[in-house]
Colleague: 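The structure under discussion is supplied below as structure tokens; questions concerning it will follow.
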Amino acid sequence: MNGAESTDGIGLVPLAVGDANLVCISYHPLGRAPVRPLGSPEEPMKRPARAARRPLLAALAGVLVALLAGPPAAAQESPPPVEGVPVDLGDALRQALERNWQVRIRRQDVISAEAAVMAASSMFDPQVQLDADGSDYQGRSGGQSFLGTDPPDAIDQSFSAKLGLSGLLPTGTTLSAQVGRTYSRQYQLYPDAFGDQDLEIDSRYWNTSVTLGLTQHLLKGLGPAYNLASLREAKVGRDVAELDRDREAQDVAGQVLKAWWDLRYAARAEELARLALERARDQREVARARIEVGDLAPIEIWKVEEAVAAREGELLQAQVASRLAAQALRLLLAPDAGDPLARALPQPAGDGGIALPARDLEASLQASLVGNAEVLLARRSLESRRIRLAVATHDRLPSLDLQASLSLNGYRDTGPDAEPPERAFGSTNRTMAIGATLTLPLGGRQATAAFRQRKADVESALLQQQALEAQVVSSVEQAWWNIQSLEEQARVAAARVESARKSAEAEDARYRVGKATTRDVLDAEAILKEAELMAERARLDALKARVDLEAVRGSLLDALGLEVR
């Protein structure tokens with residue numbers, strides 16, 4: 001039994017278990033090991049002669065060394081390191097903001113929102129209208145006969161063209177202007193109307209008109225606040241799309257930072273696992289050498305082999321974790337088909353080179369209320385609902401529309417007594433019209449219901465904004481205190497690493513001169529490895545906490561010097 005002592009201070013090592021007794025070997029540096037069965041009588045056994053004892057120990061040691069020499073050489077080889085494409089953190093951030101699927105989707109949403117703004121503003125674009133028509137009739141006239149003659153032969157020709165321009169103003173005013181040109185010819189032939197003479201009537205004239213129109217909403221539909229509501233809401237939608245894009249970009253940047261640091265931690269863990277395996281194998285060689293010279297009990301090789309097998313398993317686990325971390329980072333980078341990362345896993349290059357600034361708590365609280373994406377989105381939602389409430393309030397008014405028009409008409413006959421063109425638009429050819437239309441729905445329940453719904457929506461959005469602001473304040477405080485705690489843990493963990501390293505070096509030195517056991521060395525190295533991983537994890541967690549604070553402040557992209565387009 002390892003660690004047990006005999007009555008004379010010599011340790012006992014289990015060698016074999018038989019049907020009756022457990023045979024043990026006591027040992028010391030010179031390899032002298034008297035053998036006695038456990039459970040034998042208390043009285044001391046007679047020591048065999050030294051000459052007879054040495055061949056037995058030599059034979060047993062030879063058998064144990066041969067049996068415990070370790071696994072085949074192929075099984076003892078270390079797994080090869082994971083090969084991949086080196087990726088700098090700055091390059092990873094820029095590529096993610098350019099290629100990440102979610103960021104690209106949000107960019108398309110911004111383009112769609114900008115198109116919606118353009119569509120909403122098009123209601124104020126002027127409209128041009130062109131009308132043209134003509135007719136040509138030849139045949140019997142349907143009119144009355146002349147002096148008892150048959151209905152005359154007739155020709156009725158006409159052609160007209162109108163060009164109009166109209167537009168809606170934000171005040172709710174519709175203006176229109178129209179210019180028209182009409183040509184008309186009426187021809188009638190009465191054969192033998194005066195005996196042997198025919199009666200021929202041929203009338204031709206041109207008509208030119210200019211019409212100006214105005215329609216003004218006097219109650220419902222009056223004022224820019226109502227008529228610009230759809231455009232204002234479309235602009236709010238564009239702001240929301242841009243905020244969503246920036247928020248997604250910030251989230252992706254934070255995920256890339258954490259994924260890159262996780263990959264760096266996984267690579268460090270794999271490196272430490274590989275170094276631990278190399279140290280375990282080195283200890284195995286030392287143990288074999290000490291067993292061969294009789295300075296160490298042969299059973300100690302079992303402990304070393306167990307440690308080697310455990311270190312090999314830990315290395316395999318570290319490599320799997322490293323591959324998984326690399327795949328997570330590659331998914332965020334979204335490489336295209338021509339990118340080397342499309343066929344290989346990324347590997348961290350450099351130390352990151354990014355230092356997020358230290359933040360003051362009060363300044364962070366103020367910054368979060370003006371920069372947090374969720375708060376800004378809540379405010380845009382409240383603004384949109386207030387616009388709808390204003391429209392619903394205005395829709396409760398009755399409709400009272402004023403229509404006014406002025407028409408100038410000019411007629412010009414083609415006959416010899418035709419009026420000159422400059423007199424065609426005289427005061428006698430002017431037409432003015434004015435009127436009003438009142439529409440008052442009975443009951444108005446639809447408008448009232450819409451008003452109540454929009455008012456409740458505004459109250460709900462206001463409460464959501466206030467709740468979100470309180471939550472953001474709490475998140476900032478939590479993130480800030482988390483940073484303080486994790487950075488202190490990182491400092492303590494770094495100090496623990498130095499202490500564990502010195503202890504491991506001391507135990508290794510004592511082991512090589514025979515003053516420490518294999519278990520002492522293995523335990524010290526395990527403590528060192530755990531301390532190194534804990535220090536790396538504490539430093540990583542502190543960095544992630546800084547990312548979380550910048551994210552809740554809404555300043556991560558600015559802190560990284562990145563811009564989203």
Side-chain angles (χ1 to χ4, degrees), residues 106 109-110 112-121 123-124 170-172 217-248 250-251 361-400 439-479 548-549 551-555:
R106 295 295 178 266
D109 292 342
V110 172
S112 176
E114 290 175 347
V117 172
M118 182 183 299
S121 62
M123 64 184 299
F124 301 108
T171 57
H217 300 298
L218 299 179
L219 293 177
K220 181 179 179 180
L222 177 64
Y226 180 79
N227 294 286
L228 293 175
S230 59
L231 178 58
R232 291 174 57 197
E233 194 166 358
K235 290 182 177 180
V236 170
R238 179 184 60 189
D239 293 342
V240 169
E242 291 176 348
L243 287 173
D244 274 335
R245 177 201 61 192
D246 295 343
R247 178 181 62 175
E248 190 66 44
Q250 179 175 263
D251 290 345
L361 178 57
E362 292 300 326
S364 296
L365 291 173
Q366 296 298 324
S368 64
L369 295 179
V370 297
N372 181 272
E374 297 294 341
V375 172
L376 295 178
L377 285 171
R379 291 173 181 170
R380 294 298 185 276
S381 177
L382 177 60
E383 181 181 355
S384 177
R385 296 188 182 190
R386 282 175 171 167
I387 293 173
R388 297 175 188 176
L389 175 60
V391 172
T393 303
H394 194 85
D395 283 338
R396 301 171 68 188
L397 298 173
S399 297
L400 179 59
T439 303
L440 182 61
L442 297 178
R445 292 187 299 173
Q446 181 178 2
T448 302
F451 169 76
R452 291 178 179 177
Q453 179 183 4
R454 299 308 183 192
K455 186 176 181 181
D457 290 343
V458 169
E459 295 295 333
S460 175
L462 182 58
L463 292 174
Q464 291 177 8
Q465 176 185 328
Q466 294 172 350
L468 185 59
E469 288 176 352
Q471 180 180 353
V472 167
V473 168
S474 177
S475 298
V476 169
E477 292 175 345
Q478 181 179 356
D548 293 337
L549 178 60
V552 75
R553 281 169 48 100
S555 57

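Along the sequence shown, the residues carry numbers beginning at 1. Below, all heavy atoms of this structure are taken into account, side chains as well, without hydrogens, waters or symmetry copies.
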Colleague: Backbone N or O of Val552 within a donor-acceptor pair of the Asn372 side chain at under 3.5 Å?
Modeller: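 It does hold such a pair.
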
Colleague: Show me, pair by pair, the donor-acceptor contacts under 3.5 angstrom made by side chains of residues 231-245, not counting sequence neighbours?
Modeller:
| from | atom 1 | to | atom 2 | distance (Å) |
| --- | --- | --- | --- | --- |
| Glu233 | OE2 | Ser384 | OG | 3.4 |
| Glu233 | OE2 | Arg388 | NE | 2.4 |
| Glu233 | OE2 | Arg388 | NH2 | 2.7 |
| Asp244 | OD1 | Arg247 | NH2 | 2.8 |

Colleague: Ser121 side chain to Val117 main-chain N or O, any donor-acceptor pair under 3.5 Å?
Modeller: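 Present.
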
Colleague: Looking at His394 and Gly221, would you say the former's side chain and the latter's main chain have a donor-acceptor pair under 3.5 Å?
Modeller: yes

Colleague: Quick check: closest heavy atoms across Leu440 and Pro398, and the distance to 0.1 Å?
Modeller: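 Reported closest heavy-atom pair: CD1-CB, 3.5 Å.
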
Colleague: Side-chain contact, heavy-atom cut-off 4.5 Å: Arg380 with Leu377?
Modeller: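 SC-SC contact between Arg380 and Leu377 ruled out.
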
Colleague: A side-chain contact here means heavy atoms from C-beta on lying under 4.5 Å apart; do Arg106 and Val110 qualify?
Modeller: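 Not touching, per the 4.5 Å side-chain cut-off.
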
Colleague: Calculate, to the nearest 0.5 Å, the distance between atoms CZ and CG belonging to Phe124 and Asn227 respectively.
Modeller: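 Rounded to the nearest 0.5 Å, the CZ-CG separation comes out at 5.5 Å.
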
Colleague: Before giving the answer on side-chain contact (heavy atoms from CB on, under 4.5 Å), spell out for Val458 and Arg454 the whole-Å C-alpha distance, their side-chain angles and the decisive distance to 0.1 Å.
Modeller: CA-CA 6 Å; Val458 169; Arg454 299 308 183 192; 5.7 Å; no

Colleague: Looking at every non-hydrogen atom in both residues, tell me the closest pair between Gln250 and Ala551 and how far apart they are.
Modeller: NE2-O, 3.1 Å

Colleague: What are the two closest non-hydrogen atoms of Lys220 and His217, and how far apart are they?
Modeller: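 Closest heavy-atom pair between Lys220 and His217: O-CB, 3.3 Å.
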
Colleague: Near Gln466 CD, under 6.0 Å, is it more than 12 heavy atoms from other residues, nucleotides or ligands?
Modeller: yes

Colleague: Looking just at side-chain N and O atoms, do Glu362 and Gln366 make a donor-acceptor pair shorter than 3.5 Å?
Modeller: no

Colleague: Drop me the distance from Glu374's CD to Leu376's CG, to the nearest 0.5 angstrom.
Modeller: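 Going from the CD atom of Glu374 to the CG atom of Leu376 covers 9.5 Å.
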
Colleague: Let's go through Ser381 and Gln464 carefully: what are the C-alpha distance in whole Å and the side-chain angles of both, what is the deciding distance for side-chain contact (heavy atoms from CB on, under 4.5 Å) to 0.1 Å, and is it a yes or a no?
Modeller: CA-CA 10 Å; Ser381 177; Gln464 291 177 8; 5.5 Å; no

Colleague: Going from CG on Leu468 to CG on Leu369, what distance comes out if it is rounded to the nearest 0.5 angstrom?
Modeller: 10.0 Å

Colleague: Mark yes when over 12 heavy atoms from residues, nucleotides or ligands other than Met118 sit less than 6.0 Å from its CE; otherwise mark no.
Modeller: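 No - once you tally the heavy atoms of other residues, nucleotides and ligands closer than 6.0 Å, there are 12 at most.
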
Colleague: So Leu549 and Val476, do their side chains get closer than 4.5 Å, heavy atoms only?
Modeller: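 Yes - at least one pair of side-chain heavy atoms lies under 4.5 Å apart.
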
Colleague: Could you tell me whether the side chain of Phe451 reaches within less than 4.5 Å of the side chain of Asp395, counting heavy atoms only?
Modeller: no

Colleague: Test side-chain contact (heavy atoms from CB on, under 4.5 Å) on Glu469 and Gln465 and set out the steps.
Modeller: CA-CA 6 Å; Glu469 288 176 352; Gln465 176 185 328; 3.2 Å; yes

